[in-house]
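The structure appears below as C-alpha cells.
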Amino acid sequence: MQFLIDIIQKPIGKIEVENLASNKACVAKDLIDLSFHQDEQVGFRAAWILERIYSNHQERFLPQVDYFLGKLPQQNNNSALRHYVKILAFMTGKKASSEIKAIISGYETDKIVEVVFAWLIDENIPVAVKSHCLNILANFIPKHQWIKEELIVTMEFLVDKESIAFFAKVKQIREQLKA
C-alpha cells in the first residue's frame, strides 16, 4: 500500500488514475482504506481510483462490495464522498451487473438509506454529492417503498435552496418516479 500512497500524495491526472485502476497491484480494499486517509487529497485520489476500478474492472471490486457498503456511512471527506456516492448510484441503478444487484438485494441497506438522506439535506454537502444521493434514493424505492414519499417531500423542500443543476436533477428524478 505504501507504493500507492507515494504515488497519490502528489497530484495526478485522469490518465494516471486510469493506469492505476488498471494496475492489479491497486487493490480495492486498500483504496477504500486510503479514502479515509488523514490527508484529504490522498483520500480523494484513492476514491477516484476506486471509482475507476468499479467502472472498468468490476471483477476486482466485487470481492469488496460488502466492505465498501460497510465503510460508506463513515465517509466524511466530501471529495472522496463524491466518488463513493457515484459508485453507489451505479450499484443501485438499473444497469448494475447481476452480481451487484444480488449483493444489494441481500444487503441490509437501512443504514445506507438513512445516511444518504442525511447527506441530501446537509447544507455542507456539495451539490454533486446531493445529485447522486437523489439517484441512489430513487433507485432504492423498489426495496424501500417508503422512500418515494419522503424523497418527494425532501426534493420540494430543497429545490429552492440549491442550485439550478440540482433543480434539473430533481426534475429528472420526478420523471423517474412517475414511470
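Since this is a predicted model, take the numbers as computed values, not measurements.
The shortest distance between side-chain heavy atoms of L177 and M155 falls below 4.5 Å. Residues L88 and V116 meet the side-chain proximity criterion, which asks for heavy atoms closer than 4.5 Å. In this structure, L34 and L50 have side chains that are not in contact, with every pair of non-hydrogen atoms separated by 4.5 Å or more. Looking at heavy atoms from C-beta onward, F117 lies in side-chain contact with I147 at the 4.5 angstrom threshold. Inter-residue side-chain proximity for V85 and W119 is flagged as met; some heavy-atom pair is nearer than 4.5 Å.
Contact between L4 and C26 at its shortest, heavy atoms only, is CD1-SG, 3.7 Å. The shortest heavy-atom contact between H57 and S22 is NE2-OG, 3.3 Å. Closest of all the heavy-atom pairs between S163 and V127 is OG-CG2, 3.6 Å.
Panel note: side chain R82, backbone A47; no donor-acceptor pair is recorded below 3.5 Å. Using a distance-only test at 3.5 Å, with no hydrogens or angles considered, no donor-acceptor pair links the side chain of Q64 to the main chain of F61. Side-chain N or O atoms of T154 include one that pairs as donor or acceptor with a backbone N or O of E150 at under 3.5 Å. Listed for the Q145 side chain is a donor-acceptor partner under 3.5 Å among the backbone atoms of I141. The backbone N or O of I112 lies less than 3.5 Å from no partner atom in the side chain of T109, so there is not a single donor-acceptor pair. Between the H144 side chain and the W146 main chain, no donor and acceptor come within less than 3.5 Å of each other.
Counting heavy-atom neighbours within 6.0 Å of E59 CD, excluding the residue itself, gives a total above 12. More than 12 heavy atoms of other shown residues, nucleotides or ligands fall within 6.0 angstrom of atom CZ in R52. Within 6.0 Å of atom OH in Y67, more than 12 heavy atoms from other residues, nucleotides or ligands are found, so the atom counts as buried in its surroundings. The environment of Q74 atom CD is dense: over 12 non-hydrogen atoms of other residues, nucleotides or ligands sit within 6.0 angstrom.
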Checking L31 against M1 for the side chain to side chain contact (heavy atoms under 4.5 Å, CB included) test, could you report, in this order, the C-alpha distance in whole Å, the side-chain angles of both residues, the deciding distance, and whether it holds? CA-CA 9 Å; L31 290 164; M1 186 168 14; over 6 Å; no

Let's go through D39 and I5 carefully: what are the C-alpha distance in whole Å and the side-chain angles of both, what is the deciding distance for side chain to side chain contact (heavy atoms under 4.5 Å, CB included) to 0.1 Å, and is it a yes or a no? CA-CA 10 Å; D39 180 335; I5 293 171; over 6 Å; no

Derivation and outcome, side chain to side chain contact (heavy atoms under 4.5 Å, CB included), residues I103 and M91: CA-CA 9 Å; I103 293 168; M91 291 174 77; 5.7 Å; no

Report the C-alpha distance between N78 and E40 in whole Å, list the side-chain angles of each, state the deciding distance to 0.1 Å, and finish with yes or no for side chain to side chain donor-acceptor pair (under 3.5 Å). CA-CA 9 Å; N78 285 343; E40 289 191 353; over 6 Å; no

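Taken to the nearest 0.5 Å, the OH atom of Y107 stands 9.5 Å off from the NZ atom of K143. Here the straight-line distance linking atom CG of N19 with atom CD1 of I12 works out to 10.0 Å at 0.5 Å rounding. Atom-to-atom distance recorded for Q9:CD and D6:CG is 6.0 Å, nearest 0.5 angstrom. For the atom pair CD1 (I100) and OG1 (T92), the distance works out to 10.5 Å, reported to the nearest 0.5 Å. Summarising the geometry, atom CG belonging to L134 is positioned 10.0 Å from atom CZ belonging to R174; distances are rounded to the nearest 0.5 Å. The CG atom of N135 lies 15.0 Å from the NZ atom of K130; values are rounded to the nearest 0.5 Å.
Tracing side-chain contacts under 4.5 Å through hydrophobic residues (I, L, V, M, F, W, Y), one never reaches V27 starting from L72; they form parts of separate clusters. Cluster membership check: V153 does not share its hydrophobic cluster with F157, using side-chain heavy-atom separations under 4.5 Å among Ile, Leu, Val, Met, Phe, Trp and Tyr. Cluster membership for I164 and V159, using ILVMFWY side-chain heavy atoms within less than 4.5 angstrom, is not shared. Note on L20 and I15: separate hydrophobic clusters, where clusters join Ile, Leu, Val, Met, Phe, Trp and Tyr whose side-chain heavy atoms are under 4.5 Å apart, directly or indirectly.
None of Y54, F68, F90 except one satisfies the ring-ring contact (aromatic ring centres under 6.0 Å, His included) rule with Y84; the exception is F68. Screening R45, E51, H132 for a side-chain hydrogen bond (donor to acceptor under 3.5 Å, both in side chains) with H83, the sole residue that qualifies is E51. S97 pairs with exactly one of K95, K101, E99 by the side-chain hydrogen bond (donor to acceptor under 3.5 Å, both in side chains) rule, that one being E99.
Between the side chains of S35 and Q75, at least one donor-acceptor pair of N or O atoms lies under 3.5 Å. Checking N139 against K94 by side-chain atom types alone, no donor-acceptor pair falls below 3.5 Å.
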